[in-house]
**Q** 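I'd like to ask you about the structure that follows.
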There are 2 protein chains.
Amino acid sequence: MEARVVTLKDVAREAGVSPKTVSRVVNDDPAVNGKTREAVAEVIRRMHYVPDHAARMMRMSHSSVVGLMTDAVATTPYSVDIIRGAQSGLREQARTMLIANTDGDPEQEQEYWQMFRAHKVAGVVYATMYHRPVDLGAPDFERGVVLANCYSARRSHASVVPDDEGGGYTQARHLIELGHRRIGIVSLSPVLRATVLRGAGYRTAFAESGLFYDPSLDVPGFITRQDGGEDLVAYDTALGLLRRTDRPTAIICGNDQIAVQVYAAAATLGLSVPDDLSVMGFDDMAIITHTLKPMLTSVALPYFEIGRTAVDILSRVNGESEGPVAQQVLVPCPLVVRQSCRQLV
Amino acid sequence: MEARVVTLKDVAREAGVSPKTVSRVVNDDPAVNGKTREAVAEVIRRMHYVPDHAARMMRMSHSSVVGLMTDAVATTPYSVDIIRGAQSGLREQARTMLIANTDGDPEQEQEYWQMFRAHKVAGVVYATMYHRPVDLGAPDFERGVVLANCYSARRSHASVVPDDEGGGYTQARHLIELGHRRIGIVSLSPVLRATVLRGAGYRTAFAESGLFYDPSLDVPGFITRQDGGEDLVAYDTALGLLRRTDRPTAIICGNDQIAVQVYAAAATLGLSVPDDLSVMGFDDMAIITHTLKPMLTSVALPYFEIGRTAVDILSRVNGESEGPVAQQVLVPCPLVVRQSCRQLV
DNA sequence: GTGAAAGCGCTAACAG
DNA sequence: CTGTTAGCGCTTTCAC
């Protein structure tokens with residue numbers, strides 16, 4: 001059954017035209033007679049002809065494939081949506097995606113850069129699990145590179161990151177609008193960029209409303225150990241916050257996982273969410289937000305949009321589309337209101 | 001700076017040998033003098049030569065790229081590990097992966113099959129989010145196809161699926177070994193294959209130990225609506241179970257999300273886990289198992305292994321490696337013991 | 001509008 | 001052990 005794959009030539013012979021004409025039809029070259037085009041298209045369909053990507057790529061010396069390099073994105077529930085977003089954008093551009101997961105290993109990363117070069121990929125989206133600065137291992141990569149969820153401290157590459165500061169602002173602002181004046185914060189590890197940026201957002205929102213930012217109400221939910229591991233301490237720190245005589249009426253969480261701990265701490269003290277305590281999450285992970293009772297109000301990390309935007313920018317970087325090249329894009333983090341925050345009378 | 005890419009010929013000229021010799025070095029053909037090889041390798045390194053994948057592929061008429069088609073795997077926290085596993089296997093085979101996410105849309109799937117053909121992929125791993133039967137849209141696809149987390153009812157393709165029955169057995173067995181005799185079950189939607197298979201596992205374990213399987217102790221945690229959506233009813237059904245005068249000493253959950261609800265129901269009734277109630281999860285999703293207090297004992301869905309095994313089988317299906325072709329592979333679901341199940345005295 | 005010729009970068013098949 | 005020749009399937013260039 002080793003049926004030879006049908007080629008351009010086969011189609012040409014069958015259709016009684018030259019290979020070049022078939023090529024023109026395949027590539028939507030307008031310089032083909034309408035009738036000829038139809039006839040050829042018919043033969044193509046009938047013979048199930050599919051253009052050989054390799055041959056085409058060789059001739060055109062670049063591919064319609066985009067490389068996606070990730071440290072652990074494909075690996076984590078948090079950020080897979082970057083991939084989906086990228087895919088969605090590429091589909092519209094009739095391109096496809098070669099995926100490389102480095103697990104954070106520089107050696108693997110080096111290998112994959114090589115591979116991307118070998119494949120002559122049209123560009124690379126470099127995505128990270130955490131929002132952080134990166135220093136690319138392949139400064140000599142010829143094609144466009146766009147960073148997703150990370151950025152180049154030296155600004156050597158375009159990047160797309162979540163607007164963490166805006167997200168923090170949104171968290172605080174929503175609670176303030178609901179009438180809360182005494183707001184606790186259980187944040188992510190202080191070593192994370194997100195923590196710093198969101199902190200700035202909280203402060204702006206507080207200041208706007210004449211609220212005093214009280215550092216003693218801002219406690220860590222995770223602590224990064226020397227060895228790089230993380231300890232989830234949110235239950236205890238939240239408990240501390242809630243045991244105060246002047247306990248906050250609302251708590252802003254660094255992520256939804258922390259919110260779970262805050263719920264638990266509240267339950268331990270017999271406090272009800274949202275009656276006695278409003279809780280605001282971050283990330284909007286469905287698996288948590290929908291599982292908690294009451295369902296968690298959260299600010300979403302727009303991973304899909306990030307992936308999507310990254311490939312859009314990529315096509316511009318490579319000069320294949322119109323518009324100015326955006327060096328840094330901040331994607332907004334939208335508020336998703338559910339039942340964990342209540343209006344204070 | 002539009003520096004032309006360095007080719008085999010360039011390297012050959014520079015090294016003073018024929019192109020074919022360079023080709024031999026690149027491909028580790030033993031028929032090359034050690035000294036020549038060293039010299040050529042040196043030039044390759046110096047000139048940053050990377051073999052052109054397209055040209056190579058064209059000549060060899062098949063690619064080193066494997067296609068991964070998924071409905072929503074890349075999309076969900078549950079099953080991304082299939083991708084990681086596949087990637088890990090491919091890396092060892094020095095291959096790479098083209099990824100296609102159909103979002104369950106048959107039209108997209110059709111498009112992507114075309115694309116895989118155009119790329120002359122060496123084979124395709126077809127992965128689904130849920131363990132379920134599939135009917136492939138591309139019966140005429142020439143290369144090997146291996147199903148991951150799904151299977152062909154007509155047995156037309158090799159498949160790799162989790163051993164749900166064994167997993168159910170493991171859940172029940174562990175509790176029985178801890179001395180539990182009265183075991184409740186809060187399962188996934190009864191329409192799911194996993195539910196049926198695990199049910200068989202429970203029964204086997206019960207029967208083995210002379211335990212009576214009481215249907216009234218087996219309640220749904222999710223209910224599938226007519227429109228295909230799912231309602232999480234585990235909190236209420238678990239409450240029902242725990243309010244019985246002859247309440248179970250342990251509950252087996254259909255997944256970790258259900259376990260969260262069971263914890264909540266127990267808390268509502270003032271029951272402590274694991275002192276008053278042992279809870280057994282399924283899936284072993286770190287984000288849940290580690291967040292719950294006490295941490296959840298669960299049976300893992302071996303997604304990584306499934307992806308990994310799928311590409312291993314693929315290389316055999318294509319006759320590129322030794323060993324008999326396995327038509328159906330059941331990957332075991334290992335028990336992960338944490339603190340939510342206790343020994344009954 | 002259409003076709004003929006050339007060649008992209010590589011490797012299979014054969015010589016030497 | 002090494003080199004030569006040919007050609008994979010397509011697109012570019014330039015004729016017609």
Side-chain angles (χ1 to χ4, degrees), chain A residues 2-41 43-44 47-65 114-115 117-122 142, chain B residues 2-41 43-44 47-65 114-115 117-122 142:
Chain A
E2 189 52 53
R4 227 184 76 275
V5 174
V6 4
T7 92
L8 203 61
K9 235 189 243 166
D10 300 329
V11 176
R13 195 178 323 105
E14 188 73 14
V17 296
S18 80
K20 180 57 207 174
T21 300
V22 180
S23 169
R24 286 193 174 103
V25 172
V26 170
N27 292 289
D28 287 323
D29 185 328
V32 182
N33 181 305
K35 224 155 54 189
T36 320
R37 148 169 286 112
E38 241 336 297
V40 172
V43 176
I44 287 179
M47 302 183 78
H48 295 294
Y49 167 69
V50 179
D52 184 316
H53 177 78
R56 178 177 257 176
M57 176 167 139
M58 189 160 122
R59 210 62 191 72
M60 316 210 300
S61 78
H62 78 267
S63 136
S64 65
V65 174
Q114 285 270 100
M115 174 197 100
R117 291 178 65 187
H119 280 268
K120 288 196 163 62
V121 295
E142 305 85 359
Chain B
E2 189 52 52
R4 227 184 76 276
V5 175
V6 5
T7 92
L8 204 61
K9 236 189 241 164
D10 301 329
V11 175
R13 193 176 327 103
E14 187 73 14
V17 296
S18 80
K20 180 61 203 172
T21 300
V22 179
S23 169
R24 285 192 174 103
V25 173
V26 170
N27 292 289
D28 287 323
D29 185 329
V32 181
N33 180 303
K35 224 155 54 190
T36 320
R37 148 169 285 112
E38 241 339 296
V40 171
V43 176
I44 288 179
M47 301 183 78
H48 294 295
Y49 168 70
V50 179
D52 183 319
H53 176 77
R56 181 178 254 175
M57 174 165 140
M58 191 159 115
R59 206 66 193 62
M60 317 212 298
S61 78
H62 78 266
S63 138
S64 65
V65 174
Q114 286 269 99
M115 173 197 102
R117 290 178 64 189
H119 282 267
K120 288 194 163 66
V121 295
E142 306 85 359

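Here is the naming used below: chain letters follow the sequence lines, and residue numbers restart at 1 for every chain. What you are looking at is a predicted structure, and each value in this text was computed from that prediction instead of being measured.
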**Q** Can you tell me if the side-chain N/O atoms of A:Thr21 get under 4.0 Å from OP1 or OP2 in C:dT2?
**A** no
**Q** Do the side chain of B:Arg59 and the base of D:dG9 come within less than 3.5 angstrom through a donor-acceptor pair of N or O atoms?
**A** no
**Q** Where do A:His119 and A:Met57 come nearest, in terms of heavy atoms and distance?
**A** O-CE, 3.0 Å
**Q** Whole angstrom is fine here: how far is it from CG in A:Leu8 over to P in D:dG9?
**A** 10 Å
**Q** Counting just side-chain N and O atoms, does A:Thr36 come under 4.0 Å of either OP1 or OP2 of C:dT2?
**A** yes
**Q** Given atom OH of B:Tyr49 and atom P of C:dG9, what is their separation to the nearest angstrom?
**A** 10 Å
**Q** Name the nucleic acid region contacted by B:Pro51, choosing base, sugar-phosphate or nothing; use a 4.0 angstrom heavy-atom cut-off, strictly under.
**A** sugar-phosphate
**Q** B:Val26 near the nucleic acid: base, sugar-phosphate alone, or nothing, with a heavy-atom cut-off under 4.0 Å?
**A** nothing
**Q** Can you check the B:Met57 CE to C:dA12 P distance for me, whole Å?
**A** 15 Å
**Q** Minimum heavy-atom separation for B:Leu8 to B:Tyr49, with atom names?
**A** CD1-OH, 3.4 Å
**Q** For the base of C:dG3, is there a side-chain donor-acceptor partner from A:Arg24 under 3.5 Å away?
**A** yes
**Q** Check whether any side-chain heavy atom of B:Val11 lies under 4.5 Å from a side-chain heavy atom of B:Val6, and answer yes or no.
**A** yes
**Q** Heavy-atom nearest nucleotide on DNA chain D for B:Lys20 versus B:Lys120: which residue maps closer to 5'?
**A** B:Lys20
**Q** Ignoring hydrogens, what is the shortest heavy-atom contact between A:Arg117 and B:Val50? Give both atom names and the distance.
**A** CZ-CG2, 3.9 Å
**Q** Could you give the CG-to-C1' distance, from A:Asp52 to D:dG7, as a whole number of Å?
**A** 14 Å
**Q** Can you tell me the distance, in whole Å, between the CZ atom of A:Arg56 and the P atom of C:dC10?
**A** 21 Å
**Q** From C-beta outward on A:Ala55, which listed nucleotide comes closest to its side chain: C:dG9, D:dG3, D:dC10?
**A** D:dC10
**Q** Is there a donor-acceptor contact under 3.5 Å from the side chain of B:Arg37 to the main chain of B:Asp29?
**A** yes
**Q** Can you find a side chain N or O atom of B:Ser18 that sits less than 4.0 Å from OP1 or OP2 on D:dG3?
**A** yes
**Q** Nearest whole angstrom, please: distance from the C1' of C:dC10 to the CE of B:Met58.
**A** 8 Å
**Q** Return no unless some side-chain N or O of A:Ser23 is found under 4.0 Å from OP1 or OP2 of D:dT11.
**A** yes
**Q** Of all the nucleotides listed (C:dC10, D:dT11, D:dT2), which has the minimum atom distance to the side chain of B:Ala31?
**A** D:dT2
**Q** To the nearest Å, how far apart are A:Arg13 CZ and D:dG9 P?
**A** 11 Å
**Q** Counting side-chain heavy atoms from CB outward, which of C:dT11, C:dC10, D:dT2 is closest to B:Met60?
**A** C:dT11
**Q** How many whole angstroms separate atom NE2 of B:His53 from atom C1' of D:dC8?
**A** 14 Å
